[in-house]
Undergrad: 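Below is one structure. I have some questions about it.
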Number of protein chains: 2
Amino acid sequence: MSTAPDSADRLEVTGYRLTAPRRAVLDAIAHTNRPFTIEELSDRLPNIGRATVFRTIKLLQELEIVCRVPLEDGGVRYERSRSGRHHHHLICSECGSVTEFNDPSLDASIEENATLAGFELDGHSAELYGRCASCRGGGAL
Amino acid sequence: MSTAPDSADRLEVTGYRLTAPRRAVLDAIAHTNRPFTIEELSDRLPNIGRATVFRTIKLLQELEIVCRVPLEDGGVRYERSRSGRHHHHLICSECGSVTEFNDPSLDASIEENATLAGFELDGHSAELYGRCASCRGGGAL
DNA sequence: CGTCGCATTGATACTTAAGCTCAACAACGG
DNA sequence: CCGTTGTTGAGCTTAAGTATCAATGCGACG
């Protein structure tokens, strides 16, 4: 029952110091299955400075351990990335759950549009908003 | 040389009052060809309250006269929508220009992924980041 | 195993972006 | 022209993230 070993490894390998606060943040994230805000995370880690939480999350984003999830209303949440690779999000407006997915044909379609416009593609994002399977199952309509 | 007549019409038709501040905002937008922030827009309209600019832009978003453009760095800009319909964005990281595009096969791909996940799709966004044709033409590499 | 350099931390102040409030105002129908 | 009701605007409040800087402690190296 270690503290998110793989992520910790990734920190070390990349040359960052594996400090107690960073462990604590990694640990908190590992034990969360829902997208979180920095505030929420910070509240769960009273011994750790807000600034450090911000810094650590930014770091983890660079390492693709955590990914930023833009919400429909303009808000932002973060989530531990399962794949650790490029992906897109299905965001449930009812329960707030976030599902990652990856579709090469979607990416291909995006690249094609860029090429058509004479655009040199550097990156892209795609977010899908709606109601997830379980919310549909139990919900109204 | 009227003040963005079609947009004004759309306001009236929808039952909103066509007030001087709203005209001013519409006018300012009509004379801008670059994506703008609320701050920039507000600065160009010193006689109009910041809150009104925010409210008007939000209103224009609902009417699809203006669209929200999320940037790669998390920032947000707005732009007068040319098509007035659903579309995606090509955002140049060099000159900041925004190009709209629409691709049914891209949308189809998005819908397919939602269906696969048992997701009831409500809306989606897709932003492409990179360098536009003219920036590539004159630029390095 | 001690110690030293430098990355990291944390309390707090600051910044920027955006939303809220509510009394005053004005569009437009009658 | 008047009244109703949607709209406005100055400033207050919140949220999200950054800057500062002295104190701390990780871990390399001897």
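From a predicted model like this one, the values you see are computed outputs, not experimental measurements.
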Undergrad: When the distance from CZ of Arg23(B) to C1' of dC28(C) is rounded to whole Å, what number comes out?
TA: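 In whole Å, dC28(C) C1' lies 13 Å from Arg23(B) CZ.
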
Undergrad: Nearest of dG10(C), dA27(C), dG9(D) to any side-chain atom of Ala51(B)?
TA: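 Looking only at heavy atoms from C-beta outward on Ala51(B), the closest nucleotide is dG9(D).
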
Undergrad: On DNA chain D, compare the nucleotides closest to Pro46(B) and Lys58(A); which residue's is nearer the 5' end?
TA: Pro46(B)

Undergrad: Take the protein atom CZ of Arg17(A) and the nucleotide atom P of dG25(D), then report the distance between them rounded to whole Å.
TA: 12 Å

Undergrad: Looking only at the side chain of Arg55(B) (C-beta and beyond, no hydrogens), which of the listed nucleotides dG27(D), dT4(D), dT8(D) gets closest?
TA: dT8(D)

Undergrad: Please state how far atom CG in Leu18(A) lies from atom P in dA7(C), giving the value in whole angstrom units.
TA: 17 Å

Undergrad: State which of dG19(C), dG27(D), dA26(C) makes the closest approach to the side chain of Phe54(B).
TA: dG19(C)

Undergrad: Please determine whether a side-chain nitrogen of the Lys or Arg among Arg34(A) and Glu79(A) lies less than 4.0 Å from a carboxylate oxygen of the Asp or Glu.
TA: no

Undergrad: Would you indicate which nucleotide in dA27(C), dG9(D), dT8(C) comes nearest to any side-chain atom of Ile48(B)?
TA: dG9(D)

Undergrad: Leu45(A) CG to dT9(C) C1': how many Å, rounded?
TA: 14 Å

Undergrad: To the nearest Å, give me how far apart CZ (Arg68(A)) and P (dA16(D)) are.
TA: 11 Å

Undergrad: Expressed in angstrom and rounded to an integer, what is the separation of Arg77(A) atom CZ from dA16(D) atom C1'?
TA: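 That distance rounds to 13 Å.
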
Undergrad: Would you call Glu94(B) and Arg131(B) a salt bridge, using N to O less than 4.0 angstrom?
TA: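 Yes.
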
Undergrad: Under 4.0 Å between a side-chain N or O of Thr19(A) and OP1 or OP2 of dA7(C)?
TA: no

Undergrad: Take the protein atom CD1 of Ile38(A) and the nucleotide atom C1' of dA15(D), then report the distance between them rounded to whole Å.
TA: 12 Å

Undergrad: Report the nucleotide, chosen from dA18(C), dC26(D), dT8(D), that has the shortest atom-to-atom distance to any side-chain atom of Thr52(B).
TA: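 The closest nucleotide is dT8(D).
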
Undergrad: Nearest nucleotide by nearest heavy atom, which residue falls closer to the 5' end of DNA chain C, Val76(B) or Pro21(A)?
TA: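 Its nucleotide being nearer the 5' end, the pick is Pro21(A).
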
Undergrad: Is the shortest side-chain N to carboxylate O distance from Glu40(B) to Arg77(B) below 4.0 Å?
TA: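 Counted as a salt bridge, because a side-chain N and a carboxylate O are separated by less than 4.0 Å.
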
Undergrad: Give a yes or no on whether a salt bridge exists between Glu120(B) and Arg136(A), defined as a side-chain N under 4.0 angstrom from a carboxylate O.
TA: yes

Undergrad: Would you mind telling me which of dG10(C), dT8(D), dT18(D) lies closest to the side-chain atoms of Arg50(A)?
TA: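 Minimum distance to the Arg50(A) side chain belongs to dT18(D).
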
Undergrad: Give the rounded distance in Å between these two atoms: CD of Glu40(A) and P of dA15(D).
TA: 12 Å

Undergrad: How are the rings of His88(B) and Phe101(B) set relative to one another: parallel (under 30°), tilted (30 to 60°) or perpendicular (over 60°)?
TA: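 Tilted, since the angle between the ring planes falls between 30° and 60°.
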
Undergrad: Can you tell which of dA18(C), dT8(D), dC28(C) lies closest to the side chain of Arg22(B)?
TA: dT8(D)

Undergrad: Among the nucleotides dT8(C), dG9(D), dG10(C), which one has an atom lying closest to any side-chain atom of Tyr16(A)?
TA: dT8(C)

Undergrad: Which part of the nucleic acid, if any, lies within contact of Asp73(A), taking any heavy atom under 4.0 Å across all strands shown: a base, the sugar-phosphate backbone alone, or nothing?
TA: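 Here Asp73(A) touches no strand at all.
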
